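Please read the structure below before turning to the comments.
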Amino acid sequence: MAHVAQRAFEDLGPELVDVEFVVVDLETTGTNADLDAITEIGAVRVVGGEVVEEFQTFVNPERPIPAYIAALTGISDHMVREAPTAEAVIPAFLEFARTSVLVAHNARFDIGFLKAAALRLEYRWPPFEVVDTLALARRVFGRDEVKNHKLSTLASTVGATTVPNHRALSDARATVDVLHEIIARLSTSGASHLSDLTTSGKRATPAQIRKRYLAADIPAVPGVYSFIDAHGSALYIGKSGNLRSRVRTYFSPHETRRAVLDIIPATERIDVVQCSSESEAAVREMRAIARTRPLANRQGVRRSLGNWLRVNQDGLRLARKVHEETAVHAYIGPLRSRHDVEPIRSLVYAALGSAVGSEQTPGSEAGPLESEGPTVAEGPSDRLCGHPGFHARMHRALTEDPRDVFEYAAAKMRVLVERGLYENAEALRTRVELFTHAARRAARLRSIAAVPLIVAARKVACPGAEADTPWQWEIFAVRHGRLGATRTMPAWTDPLSVVAQLSRESEPETELRAPMCFGYHHEAELILEWLAEPGIRIVHIEGEWSMPSTARFTLEEFQRTFTRSATP
């Protein structure tokens, strides 16, 4: 009789009847977790199908709530003015939710906002298990039963006791009823444990079970891992702050990516490269993928050159290559997509055309941005580039001071909001976001690319260290935005002692330098994030550098401009 592999009890997790769920819903000022803020949190604790506790609070987002968001949720600036800020609410929610399994409808949105808020406040995000009722509903409720899988539709279908109304606690209560109906339906097919819910009843494949031994001796340290076939070729490369934990997930039911499942039967060994931190591992992973181009990796197998906007005498042009900047020629980017070129260009042309007198002044008779419909019309044509002072204003707006763009867009948005054209206002705000993101990235890359050498250190926990020596120095030597050399040292030693050695080891990276970190901007941005982390100590520097100030190129600065434009 053929042997049928069974999941171990430790793989199944707790029984669903014993799981403590915290069902959460948020209201926010927008859809971008990095740029927008939470305005309300509602959560319901559920055990064994019974509601045992609730959590609800407004959150002061410390910025105006857009009018179209206020109209949708019913939450106004007045309602949140006296509310606690995220600094007080996030730790309270984490305490409420600790040891629980988080549940949300479209969990990527709600949990993404909570994680982003915790990160900004420098709170460690706990390793919550997460259940997404939207993903489960798409499997449980067929199109013959529901027309879509929105929370309002599902709540109506299951006869929820609370009608969702874009308020956090009401929506969380409705999600509880949807969750219970999903569990009831899954139980008819044998679902009884948490893993049945988080994996929607999936099982590890025979190949995953057969190859689990490959992960047995992986160390619990930061590093890079490579799945290697019988010919010694890399099939897949990844990185993690805990190699042991991460690699083991590839042999569990949680791994569902087809590209990964396809390479597991061919994997003969797993190689690991230990690193001092996950930051170093991220750089090593990026370089390893570009060098070996593994079969199952989709990101990073081709050298990323990016799409850039170049400021010329004749206007803004898409550039696929970056050269040294001059007083005339400058770049912003890389852009998220080449499709961002026209939205940014039309915004800049319209704003600066208005500033030099070639367009209507904001607030006058309706111009193209006030037109009906969800789109935002294009700005003036390239003929403006011949206007006296236009090029200088454009160069300054993209590289130094975006005031002209922000003031123009803020005035236009106010007109749109006052006329009830909320979709147009959101479209304009999206253009401002594209512009600020590209200009901010360029400012950071411009700064780090110009520095011949930075040696920086920070104290980090020693992987597997004894209790009496828990800390060590993690030291990076960076040349023109490229990681040149790394070292770890006991925390009681002086990191200055290795500067000369790291300087010599990192010299080869100088030959690979490029303006604006062209061709390796992803690596440079990882390093910039590392340099901005708390506790960083600059040990040695050649040339002049300080962490670039990009405060002017943020949506927060635009929001302040928008608020000022509303003041009589």
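The shown structure was predicted, so the numbers you read here are calculated from the model rather than taken from an experiment.
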With sequence neighbours excluded, tell me which residues meet salt bridge (charged side-chain N to carboxylate O under 4.0 Å, His left out) with Asp77. none
salt_bridge(Arg269, Asp271) N-O dist < 4.0 Å: yes
Answer yes or no: is there an ion pair linking Glu525 with Arg441, defined by an N-O contact shorter than 4.0 Å? yes
Any chance you could measure Ile228, atom CD1, to Thr267, atom OG1, to the nearest 0.5 Å? 8.5 Å
State which residues pass ring pair (Phe, Tyr, Trp, His ring centres under 6.0 Å) with Phe96; sequence neighbours excluded, sorted by chain then number. Phe55
Where the side chain of Thr436 meets the backbone of Phe553, is there a donor-acceptor pair that is under 3.5 Å apart? no
Check this for me: Arg336, atom CZ, are more than 12 non-hydrogen atoms of other residues, nucleotides or ligands nearer than 6.0 Å? yes
For Tyr236, the ring pair (Phe, Tyr, Trp, His ring centres under 6.0 Å) test, sequence neighbours excluded, returns Tyr250
Name all residues meeting the side chain to side chain donor-acceptor pair (under 3.5 Å) criterion together with Thr73; count only those two or more places apart in sequence or in a different chain, and write none if there are none. none
Set of ring pair (Phe, Tyr, Trp, His ring centres under 6.0 Å) partners for Phe141, sequence neighbours left out: none
Would you say Val44 and Phe21 make side-chain contact, with heavy atoms under 4.5 Å? no
Any non-hydrogen side-chain atom of Arg458 less than 4.5 Å from a side-chain atom of Ser277? yes
No-hydrogen, no-angle side-chain donor-acceptor test under 3.5 Å, Trp530 and Glu474: yes
Does either side chain, that of Asn148 or that of Thr153, offer a donor lying less than 3.5 Å from an acceptor on the other one? yes
Pairing residues for Arg167 by the side chain to side chain donor-acceptor pair (under 3.5 Å) criterion, not counting sequence neighbours: Glu40
Any salt bridge between Lys239 and Glu285, counting N to O under 4.0 Å? no
Is the shortest side-chain heavy-atom distance between Pro164 and Ser152 below 4.5 Å? yes
Who are the salt bridge (charged side-chain N to carboxylate O under 4.0 Å, His left out) partners of Glu280, not counting sequence neighbours? Arg284
Check this for me, if you would: do Arg431 and Glu433 make a salt bridge, where the nitrogen-to-carboxylate-oxygen distance has to be below 4.0 angstrom? no
Apply ring pair (Phe, Tyr, Trp, His ring centres under 6.0 Å) to Phe58 and list each qualifying residue two or more places apart in sequence or on a separate chain. none
Which residues share a side chain to side chain contact (heavy atoms under 4.5 Å, CB included) with Ala67, sequence neighbours left out: Val417, Tyr422
Taking side chain to side chain donor-acceptor pair (under 3.5 Å) as the test, write out the residues that go with His78, two or more places apart. Arg81
Locate the shortest heavy-atom distance separating Pro61 from Val80; write the atom from each residue and the value. CD-CG2, 3.6 Å
Do Arg45 and Glu50 have side chains that approach each other closer than 4.5 Å (heavy atoms only, starting at C-beta)? no
Residue set satisfying side chain to side chain donor-acceptor pair (under 3.5 Å) with Glu529, at least two apart, ordered chain then number -> none
For the pair Trp125 and Phe128, name the ring-plane relationship: parallel under 30°, tilted 30 to 60°, perpendicular over 60°. perpendicular
side-chain contact (heavy atoms from CB on, under 4.5 Å), that's the test. Do Leu151 and Thr133 meet it? Break it down for me. CA-CA 9 Å; Leu151 179 59; Thr133 53; 5.8 Å; no
Report all side-chain donor-acceptor pairs from residues 177-184 shorter than 3.5 Å, counting only partners two or more places apart or in another chain.
from: Asp177; atom 1: OD2; to: Thr161; atom 2: N; distance (Å): 2.9
from: Asp177; atom 1: OD2; to: Thr161; atom 2: OG1; distance (Å): 3.2
from: Glu181; atom 1: OE2; to: Arg185; atom 2: NE; distance (Å): 2.8

For a quick check under 3.5 Å, do Glu255 and Thr249 share a side-chain donor-acceptor pair by atom type? no
Are Val273 and Tyr225 side-chain neighbours, meaning at least one heavy-atom pair lies under 4.5 Å? no
